[in-house]
Every structure is written in C-alpha cells, then in structure tokens.
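The chain is numbered in sequence order, starting from 1.
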Amino acid sequence: MNGIASRFDFKDIQEKVSLHLRPWHRSFQFWVRAADIYTGYKVFQVRVSFVKDVQKQHAMWERQHELAADKIYAMCSDLGGFFLKVAQIIGKPDLAPAAWVKKLVTLCDQAPATPFDGVQRVLEKELGQSISGIFEKFDVNPLGSASIAQVHRARLRGDKNDVVVKVQHPGIQELMMTDICNLQAFALYMQKTDIKFDLYSVTKEMETQIGYEFDFLREANAMERIHRFLYENNRKSPVLVPRVVQNLASRRVLVMEYIDGIPILKLGDEMAKRGINPGGKMAAAAKQNILKSLALAYGQMILKSGFFHADPHPGNILICKGSEVALLDYGQVKDLPDQLRLGYANLVLAIADNDPVKAMESYRELGIGTVSNCGNEQQELLRLAQTMFDTKLRPGVAMLQPFSEDSSIKKIAVESFPEELFSILRTVHLLRGLSVGLGINFSCAEQWRPIAEEALYNAGRLKGANRKSRVRKPSSFRRFFWRN
C-alpha cells in the first residue's frame, strides 16, 4: 500500500511541477518565434530597399509574406489558446497580406479538443449530476473546439429538441493570461519602435474582455439581454440569438438551444450544391441580405443600446433556414458608457458625411489623442477614422495596409486610445473582413447613419426629425434557397 501511495504522490508532484513550468516554457516559445518573425521582416526591409524595380520588389514582398505566414501559422497552431484569437484578428483579407490570410483563416476552429473523460469531469463537477442523469443522449465527439471551450450536441431527458453544451477546457485560463502578458510586452516594444499607435491599451482591453470569457454565467446573462433587446426593438430580430437552458449554466458549463445552420464560410459551397451560381444575382442578393442583417443588429446594439456582441468572426455566424443569420458565442460582449456610445455616434456621422471637422471633434470627445506629422491634418484624421471605424474600402483598394509608409497612421500618430473603444474597432474590422470575404464593399457608417442620428436625437444632442433605421425586405432568395 505504501508503494502505491508513493507512486501517486510522485505523480502528483510531477503534475504540479509540469503545471508550474508550463507558462515559462510557453513564454520561451513565444519570444523565440516572435523574435524570428520580427527580425526576418527587419532584415528583409533593408534588403528590399536596394532593389529599384517595383515589380521585383512586389514579388520579393510576396515571398517574404509567405515565409512569415508559415511561421505565424506554426506558432498559433502549436501554442493554441490565445494565439488562435490572434490569428482571427490578424488573418483578415482586408488587413493582412494574402499569404497570411490563406494560412490563418483555417485556424478559426482548430483548437485541440479536450478528451471526453476531461469533459465529463468538468460537466459533472459543475452541474452536480452525472451526464446520463441530465442528458438522454450526448455526442462524445464535439461539434467544434475553440480557444477557450468546446461544444457538444446533446438532448435533455424528456425533451424532443437538441441542445448545445459548451464546456471550458481545463487549465486554459492560466495559459491564456500568460499569453496576454507576453503580447503586452511585445506591444510596448512595437509601439516604441515601429508602430505609432497605442497598442498597449489595446492589449489591456483584450485582457479585460478575455478575462470575462471564462465566466459562462456572465455569457448566459449577456445572451439573454441581447436577445431581449433585439426582439423588443424590431418587428423581427435581424439575427437569431440562442436561448439559454435555465438552471443548466455555471461558470464553466453552458447549455443552450441548438440552432441548425451553415457556417458562413461554407455558404458558397452550399449554394453550389443547391444549383445556385455563387457569382450570380441571386447569390449576390443573399449576401447583401446577410450583411444588412448583421449591420442592422450591430448598429442597434452599439449605438442604441451600447451593449453588444463583440466577436463577429466567421466561426460565430451561421446562415439558417430562410437565409436568416444566427449570431453565436456571447463570451465577448461590451457595455459602452453613454459618453462613448454617443461620441461614437458622432464619429459615425462624420465618416458617413465625409466631414473632417466633425471627425476631429469626435476624436477629442472620444479621448483619442493624436499627434500630426503632416500639413493636411484634418483630412488625414478623417482618412484614419475611415480606416479604423468603417468597413468600406476606397476605390481600387483590395486590402488595407494601415502601417504602410503612405498610411494615415504614419502621418497621424495615435498616442492614446481608450481601451473601451477597442471592442468597437475589432468588431468593425471583423465585419469588414466578412464583407471582403463575401465580395461586397459596403460602408457600415452609411448603414448606421440613421441609427446614430436617432441615438443623438434621443439624447437631446441632435435637432430635427427622429429617423428610424430600416432594412430592406429580403429578396426571393429566402424562398428559393431553403425551399427544399
């Protein structure tokens, strides 16, 4: 018996030592890889500066981006956790080089799954019952696994409808907090050397928001609050929001309604299967409807409520029967103070009206501190606002390069950026990525103008008629696409 006890004691000690060393090993891995990617670009910048032929320069840059993309993919894939979220942020077709996007877009839902015995332990500890006591059936293989949790399809005892069970990966919180600390240190270095933008504040807001994601009770409340808001403020909610199963939510487990739909990234394939030309008029109308539904929902949440879903990456969007849009995963939500909500409404009007004076006033109201390095400061401030807070790309521009030499952010240094605005910035950029992916260049600022006017009018800050936001009725695509 003493021998058995000693073996278990030794195993416990091994596990404790391994857990203690894991963050140090992870930090070492990050810094070695980040330094390799960064120095690779710095050395390349010197080398390409000696090449005068523009076409040759372009080819060299493409090759360099491909080499870096392989390294970034390997880092995010191997480390997982928070770096899968980093891949979601930077791997967008409007911002990152095409080589990066091609590699990183596949990482959205490729987090390693927790083995079923680990899932069972978390579930039974959190809910206080056995799996067989709660569920009539429970799929052992997850529907998907993301950076913080994985989801399983199941059916409750005595019920005819399926549910989704979200279960947090054991030990993930400590690892992700280590990742964020490393990223913050890297951000401080980058903003002092290469990028004249308050990156540290951005990473601090990421730390706050991701910290919230580990509390599924908070997510359940957010889901119910947004569901109620959208259904009370529209004759028909522009997006579907899953309902929480009461009494089956805890800090690390969340049971919710199952919504059947197609991931938005597979929409083109599904159209082709149903005989719809993905490049035809009917497909174009469907894509317009999808973007309008999302834009209406986000415009109302951000500008009218101030409480919004802040993670519209493709993995969280389903296209359902009737071409309705379902919005999943409410771990990242933001509750804006009225001052910032209304200040952003002013900035939306400035962008929609192409008004540089109003844009400058809005920057001051929002607390965005800038230092100008050019003569036409107002125009560059407006360009910067359009780059940061609108989804529309200028004519002839296929990809934004905010840190290129002729970019507004090189001419207007952003020295202070309120942490709470990062959630809006990230949301707009994710919506832009979706619009580029769907092949539609639209302006969320123009879509949101009437909602911004209504918000300012209701706050007594805008004179004139109260304009209500409207969305065009869906096309016949709804009737055709899902008729089978």
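Judged purely by atom type and a 3.5 angstrom limit, T208 uses its side chain to pair as donor or acceptor with the backbone of K204. Judged by distance alone, the side chain of H309 and the main-chain N or O of I226 form no donor-acceptor pair under 3.5 Å. Listed for the S443 side chain is no donor-acceptor partner under 3.5 Å among the backbone atoms of K392. Between the side chain of R252 and the backbone N or O of E126 there is no donor-acceptor pair closer than 3.5 Å. With W448 contributing its side chain and A295 its backbone, the two residues share a donor-acceptor pair below 3.5 Å. Here the side chain of E207 pairs no donor or acceptor atom with the backbone of M177 at under 3.5 angstrom. A donor-acceptor pair is defined here as one N or O able to donate and one able to accept, closer than 3.5 Å; such a pair exists between the side chain of N316 and the backbone of D311. Not one N or O on the side chain of S237 forms a donor-acceptor pair closer than 3.5 Å with the backbone of L240. A distance-only check finds a donor-acceptor pair linking the side chain of T39 to the backbone of D36 [under 3.5 Å].
Residues E446 and D353 are not in side-chain contact: their nearest non-hydrogen atoms beyond the backbone lie 4.5 Å or more apart. A 4.5 Å side-chain heavy-atom check between T178 and F82 finds every atom pair outside the cut-off. A 4.5 Å side-chain heavy-atom check between I317 and L328 finds every atom pair outside the cut-off. Taking 4.5 Å as the limit, some side-chain heavy atom of L248 sits within range of a side-chain heavy atom of L156. Annotation: side chain of F229 is in contact with side chain of Q300 (closest heavy-atom distance under 4.5 Å). Using a 4.5 Å heavy-atom threshold, the side chains of N277 and M282 count as separate. When side chains are defined from C-beta on, L291 does not count as touching K287, because their heavy atoms never get closer than 4.5 Å. Q332 has its side chain within reach of R426: a pair of non-hydrogen atoms, C-beta onward, lies under 4.5 Å apart.
Listed by chain and number, the residues in a ring pair (Phe, Tyr, Trp, His ring centres under 6.0 Å) with F308 amount to none (sequence neighbours excluded). Residues satisfying the side-chain contact (heavy atoms from CB on, under 4.5 Å) criterion with T114, sequence neighbours excluded, are V119, Q150, H169, P170. Residues passing the salt bridge (charged side-chain N to carboxylate O under 4.0 Å, His left out) test with K103, sequence neighbours excluded: D70. For Y212, the ring pair (Phe, Tyr, Trp, His ring centres under 6.0 Å) test picks out no residue, with sequence neighbours left out. Remark: W31 pairs with no residue by the ring pair (Phe, Tyr, Trp, His ring centres under 6.0 Å) rule, at least two apart or across chains. With sequence neighbours excluded, no residue forms a salt bridge (charged side-chain N to carboxylate O under 4.0 Å, His left out) with R228. Judged as a ring pair (Phe, Tyr, Trp, His ring centres under 6.0 Å), and not counting sequence neighbours, the contacts of Y231 are H227. Residues that satisfy the side-chain contact (heavy atoms from CB on, under 4.5 Å) test with A74, not counting sequence neighbours, are R33, D78. Residues meeting the side-chain contact (heavy atoms from CB on, under 4.5 Å) test with L79, sequence neighbours left out: R26, Q29, F30, M75, F83. Every residue meeting the salt bridge (charged side-chain N to carboxylate O under 4.0 Å, His left out) condition with K273, not counting sequence neighbours, appears here in chain and number order: E270.
By the 4.0 Å N-to-carboxylate-O rule, K304 lies close enough to E454 to be salt-bridged with it. We find that E219 and K166 are joined by a salt bridge, their nearest charged nitrogen and carboxylate oxygen being less than 4.0 Å apart.
The shortest heavy-atom contact between L217 and A249 is CD2-O, 3.5 Å. The shortest non-hydrogen separation linking V163 to R155 is CG2-N, 4.3 Å. Here the shortest heavy-atom pairing between A220 and L254 reads CB-CD1, 3.7 Å. A455 approaches L303 most closely through the heavy-atom pair CB-O, 3.4 Å. Taking every heavy atom of both residues into account, S293 and V325 meet most closely at CB-CG2, 4.1 Å. Between A352 and A445, the shortest heavy-atom distance links the atoms CB-O, 3.7 Å.
Atom NE2 of H429 is separated from atom CZ of F422 by 9.5 Å, given to the nearest 0.5 angstrom. A distance of 7.0 Å separates CG in L294 from OH in Y298, rounded to the nearest 0.5 Å. For the atom pair K125 NZ and L127 CG, the distance stands at 12.5 Å (nearest 0.5 Å). To the nearest 0.5 Å, atom CD1 of residue I440 and atom OG of residue S435 are 8.0 Å apart. To the nearest 0.5 Å, the span separating CZ on F44 from CG on L67 amounts to 9.0 Å. One finds the CG atom of L183 at 10.5 Å from the CE atom of M190 (value rounded to the nearest 0.5 Å).
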For a quick test of your reading: what N or O donor-acceptor pairs under 3.5 Å do the side chains of residues 130-144 make, sequence neighbours left out?
residue: S130; atom: OG; partner: S132; partner atom: OG; Å: 3.3
residue: S130; atom: OG; partner: G133; partner atom: N; Å: 3.1

Ignoring hydrogens and angles, write down the donor-acceptor pairs under 3.5 Å from the side chains of residues 256-269, residues two or more places apart or on other chains.
residue: E257; atom: OE1; partner: R243; partner atom: N; Å: 2.9
residue: Y258; atom: OH; partner: R153; partner atom: NH1; Å: 3.2

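Side-chain N/O atoms of E124 and Q129 include no donor and acceptor closer than 3.5 Å.
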Practice item. Test side chain to side chain contact (heavy atoms under 4.5 Å, CB included) on M176 and I210 and set out the steps. Key: CA-CA 9 Å; M176 291 189 74; I210 288 172; 4.1 Å; yes
Exercise for review: Could you please spell out the steps behind the side chain to side chain contact (heavy atoms under 4.5 Å, CB included) verdict for L123 and V167?
Suggested key: CA-CA 7 Å; L123 264 172; V167 186; 4.0 Å; yes
Exercise for review: Go through R341 and I302 one step at a time and tell me if the side chain to side chain contact (heavy atoms under 4.5 Å, CB included) criterion holds.
Suggested key: CA-CA 7 Å; R341 178 176 65 86; I302 294 172; 5.9 Å; no
Practice item. Walk me through it: do F307 and L336 pass the test side chain to side chain contact (heavy atoms under 4.5 Å, CB included)? Key: CA-CA 6 Å; F307 187 78; L336 286 178; over 6 Å; no
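The ring of H65 has its center closer than 6.0 angstrom to the ring center of Y41.
For the side chain to side chain contact (heavy atoms under 4.5 Å, CB included) test with C444, the passing option among I351, T427, D390 is D390; the others fail.
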